[in-house]
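Structure, as structure tokens:
Proteins get letters first, then strands, A, B, ... in listed order; numbering begins at 1 in each. Computation of the quantities below employed the complete heavy-atom set of this structure, encompassing side-chain atoms and omitting hydrogens, waters and symmetry-equivalent molecules.
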Amino acid sequence: MSAVPELRITLAGVERVVAAGTTAGEALEADGRTVIAAYVNGEPRDLAAEVAEGDDVAPVQIASETGRSILRHSAAHIMAQAVQELFPEAKLGIGPPIENGFYYDFDVAEPFTPEDLKRVEKRMQEIVKQGQRFARRPIDDSEARAELAAEPYKLELIGLKGGSSDDDGSSVEVGEGGLTIYDNLHPRTGELCWKDLCRGPHLPTTKVVPAFKLMRSAAAYWRGSEKNPQLQRIYGTAWESKDALKSYLTMLEEAAKRDHRKLGAELDLFSFPDELGSGMAVFHPKGGVVRKAMEGYSRHRHEEAGYEFVNTPHISKRALFETSGHLPNYAESMFPPIELEGAEYFLKAMNCPMHNLIFKGRGRSYRELPLRLFEFGTVYRYEKSGVVHGLTRARGFTQDDAHIYCTDEQMPDELDALLTFVLNLLRDYGLDDFYLELSTRGDSDKFIGEPEEWAEATDRLRQAAEKQDLDLVMDPGGAAYYGPKISVQAKDAIGRTWQMSTIQVDFQQPKRFGLEYQAADGSRQRPVMIHRALFGSIERFFAVLLEHYEGAFPAWLAPVQVTGIPISDDHVAYLERVADRLRAEGIRVEVDSGDDRMQKKIRNAQKQKVPFMLLAGDDDVSKDAVSFRYRSGEQNNGVAIDDAVAEIVAAVRTRA
RNA sequence: GCCGGUGUAGCUCAACAGGCAGAGCAAUCGCCUUGUAAGCGAUAGGUUAGGGGUUCAAAUCCCCUCACCGGCUCCA
């Protein structure tokens, strides 16, 4: 009897001998449901892949990041199959897994309707139930072209092979090596049900998809360029269990409850009147007082950190923005000019040119540097109509903008101190989970200036970033045209990341404006300019905090900090006296003297997310006391007025 | 800017298949005088986003504009 050839492989760190022809799934004794793929030498592969001599094989759990990606990618295939069965004329784009789900793009004559999605979802369920097998089949280019002759986008991808990148998702279809097609085969007859050009890997069968749901459809440009035709994209989500799907959907509902646009209306903070135009907010008194608190604290901290306060107008003649380089580079996102007395005036989209004029207003000495000019400067940008989004993407907004002019030698220390200042200030507002991103020069010719300057500035930003005990992520090509930047990314209470502060080094504007200072040796030198905005925009930061806190601002920021609730009308005057004590301490307090019942007043204050409710009835009056009801619903009854005032004042002063 | 969806009272939403625009909450006025999340009653509130068209008749069907929502592209 002839010996079956044997192979040595490593399985979970242990050497094993297996028969030639053994698949990864067999070697792992995978059940195909919880272990749905294998890492072979670190690369994800199908369970059906045969192992080779010396391979290192490990399981991929469906409930892991890689596992979910494979699941979602397979779900995308199932969706595409369902779509093509229902809409035979649909041409395939790409269908990658994404965070929390997947999508697939289709070229169809008519966009999908919600009813279409229901039909597709139903057909997907049938395919899942059927348990079609995902079978990998290597193919050479010319065969692939023949097989996919009816799929023009796939043909284009074949042409791109090797040149594909993760940027547009095309790498999902055509990987590095040779092309492969995945056939979906009927579980019993082996009949070909559907196929797609794909590098894989996939689930063993469609039956292994435990839970999925189609979410929405939308148009998307082919390969991410607006020069290309628009395809119809269907988004879906898929999870390792029904519970995981359910908790994801619950999380989406929770996030929707935090939507700042919804909370802004409910808490009467701000609105976007139609009459004003798209992307422009008005802040109501309650929102205004939160802004005032935010800005006031920021001003105070900036004063301590050696900033000087300036103010500049909202419009300027054309030449200023020509000098700064904004008109040449960003004309399309500035509002069109206003013609006046033979000159063209533009609404400002940036504050820096104006600050440069202040620097230039007289001769500057090295003794003045670093010169830190700060302004809450309102700017207007013509955001494209489809991108305007509540307070986070508006057409008029106010930056907490500063420009620091310093010498080359001062730059490292300044950047270092600046980053620490920024992070500490953000922490004071209640954000404490950060990472940093360093955006550097890319290949595009939009970047101006000498490579050496860029290298130096980038290096100094990196050094400053590395001193913080935070993750640093590189963002090649993400810089502004005039210089590299660090951005602070903050995670909010439900783990979403927001880009907050940016710190940018700029050699260009000092040059363009001819900025100079006189050095100790009498020579004239060019300062370095550092742009920085901490909140980015006040409106946006407001929105981030509103969502972070779900409207329940800490007491120091809350629009109404204390609501007095009388048990009956007789106690109104008593509570007003308590309120006066609090007002004398600068506390924002209201006494609800309306004719609602006490329970209703509590409900109202609770819905307005007021941090402290102070109740008073006969029991309290007799003891010179008040009763606390906190936002949490907890109570503390019969507290002496002095103690109650002290407690509230302390909570506000410490920004608890 | 592109694709799709939506727009009814301050808010949330009804109004069959084209046939008298309605409810709850909020507001106003009254009654009730209250111990930790909605007391009771009455009143008022609308050019159905705006404009044009079809029709005997339009919130409803068609066109344009505006705004919003979800994506794409963009975001100094």
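In this entry B:C13 has B:G22 as its Watson-Crick or G-U wobble partner, both defining distances falling under 3.5 Å. The partner of B:U33 is absent, by the rule that a Watson-Crick or G-U pair needs both atom distances under 3.5 Å. Here B:C74 sits opposite no nucleotide as a Watson-Crick or G-U wobble pair (both hydrogen-bonding atom distances under 3.5 Å).
Here the separation of B:U28 from B:A67, taken at their P atoms, is 33 Å to the nearest Å. B:C2 and B:A59 have their P atoms separated by 30 Å, with the value rounded to a whole Å. Distance noted for atom C1' between B:C69 and B:A76: 28 Å (whole Å). B:A23 and B:U48 have their C1' atoms separated by 16 Å, given to the nearest Å. Nucleotides B:C62 and B:G4, compared at atom P, are 14 Å apart to the nearest Å. Taking atom P in both B:C40 and B:C32, one finds a spacing of 16 Å when rounded to whole Å.
Using modelled atom types and a 3.5 Å distance limit, the side chains of A:Gln635 and A:Asn637 yield a donor-acceptor pair.
The stretch residues 591-607 of chain A comes close to RNA chain B through A:Asp595, A:Arg597, A:Met598, A:Gln599, A:Lys600, A:Ile602, A:Arg603, A:Gln606, each having a heavy atom under 4.0 Å from the strand. Within residues 212-220 of chain A, the residues having any heavy atom under 4.0 Å from RNA chain B are, by residue number, A:Arg216, A:Ala218, A:Ala219, A:Ala220.
Regarding contacts with the backbone of B:G1, a side-chain N or O of A:Tyr382 is found under 4.0 angstrom from either OP1 or OP2. Residue A:Tyr235 places at least one side-chain N or O closer than 4.0 Å to OP1 or OP2 of B:C72.
For B:G71, its base never sits under 3.5 Å from the side chain of A:Tyr103 at any donor and acceptor pair. No donor-acceptor contact under 3.5 Å links the side chain of A:Asp618 to the base of B:G35.
Ring-centre distance between A:Tyr104 and A:Phe106: below the 6.0 Å cut-off.
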